[in-house]
Amino acid sequence: DAGITQSPRHKVTETGTPVTLRCHQTENHRYMYWYRQDPGHGLRLIHYSYGVKDTDKGEVSDGYSVSRSKTEDFLLTLESATSSQTSVYFCATRTSGGDYNEQFFGPGTRLTVL
Amino acid sequence: GDSVTQMEGPVTLSEEAFLTINCTYTATGYPSLFWYVQYPGEGLQLLLKATKADDKGSNKGFEATYRKETTSFHLEKGSVQVSDSAVYFCALSEGQGAQKLVFGQGTRLTINP
């Protein structure tokens, strides 16, 4: 399995506060992704990265920003948390090369915004 | 845009029963199709995949066949076990590069002994 860790694993915060979630990988994978998981919606892509300092928006990017200053770290920031951002957040990575390679997922971060 | 639709859950079966979880998709091109599984408290793991029409993906007794004519990728298993209890996600990805995944809503499966 790809070595993917997420921190924190659980967080409770208040509306209006900034929150940063961290994804760390040890596999030197080029691509990294942030998804959110909500009942009835499956997983939806928030942002992704295709290299250091190279990022792009996904399906549900409003209210989120990302940064990738090193290959191994991909940060997701909620600029001003809202209750609608209560969710479980998953990071994923994928190596480059070849077609249709597997995405490896981290264990998730459960975020509650009060 | 691309989308994936799975059968509504939850699904509850007895051990050794036959399992089918339906999945259909809408895509503009020729996507690759995946089934991911999520065990309680964990992230997602790839269960199986198929990259072109008529391909059959298989793993751990699960199978799914890429049917272009019906735009479907139904998951099947002949005899389920309690350890198969999990949430199952159908997904697709298109093209080269980032190969972003589009997921269905997930189907929770519970197997009773």
Side-chain angles (χ1 to χ4, degrees), chain A residues 1-6 9-10 21 23-25 29-51 54-61 66 68 74 87-110, chain B residues 1-10 21 23-27 29-53 55 57 59 64 66 73 86-108:
Chain A
D1 288 344
I4 304 171
T5 56
Q6 294 185 229
R9 294 292 313 279
H10 302 271
L21 309 182
C23 177
H24 179 80
Q25 57 137 334
H29 285 175
R30 176 183 175 186
Y31 296 95
M32 298 185 76
Y33 310 80
W34 277 108
Y35 295 90
R36 60 178 288 175
Q37 182 181 18
D38 303 291
H41 291 278
L43 278 76
R44 291 178 291 174
L45 182 65
I46 304 171
H47 282 278
Y48 65 99
S49 169
Y50 45 96
D54 291 324
T55 65
D56 207 347
K57 295 179 180 180
E59 178 188 0
V60 290
S61 60
V66 290
R68 192 170 178 200
F74 192 33
S87 187
V88 181
Y89 291 85
F90 286 98
C91 173
T93 71
R94 186 178 69 80
T95 187
S96 62
D99 292 329
Y100 313 113
N101 287 321
E102 176 181 355
Q103 286 190 22
F104 296 90
F105 284 80
T109 294
R110 183 174 295 276
Chain B
D2 296 349
S3 65
V4 176
T5 302
Q6 288 180 237
M7 66 184 288
E8 291 285 333
I21 301 178
C23 171
T24 58
Y25 67 90
T26 302
Y30 301 94
S32 284
L33 301 175
F34 306 84
W35 277 100
Y36 278 83
V37 59
Q38 183 181 31
Y39 297 104
E42 298 183 9
L44 278 71
Q45 305 172 24
L46 180 66
L47 180 59
L48 54 84
K49 69 179 182 185
T51 58
K52 61 183 186 296
D55 270 2
N59 186 26
Y66 187 162
F73 193 54
V87 181
Y88 292 81
F89 292 93
C90 186
L92 67 80
S93 73
E94 282 204 274
Q96 304 298 314
Q99 295 177 15
K100 296 168 282 184
L101 286 170
V102 175
F103 286 90
Q105 68 268 41
T107 302
R108 181 174 299 277

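Side chains are part of it too, since the values below use all heavy atoms of this structure and drop only hydrogens, waters and symmetry mates.
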Who pairs with Ala27(B) by side chain to side chain contact (heavy atoms under 4.5 Å, CB included), at least two apart in sequence or on another chain?
Asp2(B), Tyr25(B), Pro31(B), Leu92(B), Glu94(B)
With only heavy atoms counted, which part of Leu45(A) is less than 4.5 Å from chain B, the side chain, the backbone, both or neither?
side chain
Check the angle between the aromatic planes of Tyr50(A) and Tyr48(A) and answer parallel, tilted or perpendicular using the 30° and 60° thresholds.
tilted
So salt bridge (Lys or Arg N to Asp or Glu O under 4.0 Å) across residues 40-50 of chain A, not counting sequence neighbours, yields Asp38(A)-Arg44(A)
Contact part of Glu59(A) toward chain B, heavy-atom cut-off under 4.5 Å: side chain, backbone, both or neither?
neither
Aromatic contact between Phe105(A) and Tyr35(A), with the criterion being ring centroids under 6.0 Å apart: yes or no?
yes
The interface call for Gln6(B) against chain A, heavy-atom contacts under 4.5 Å, is neither
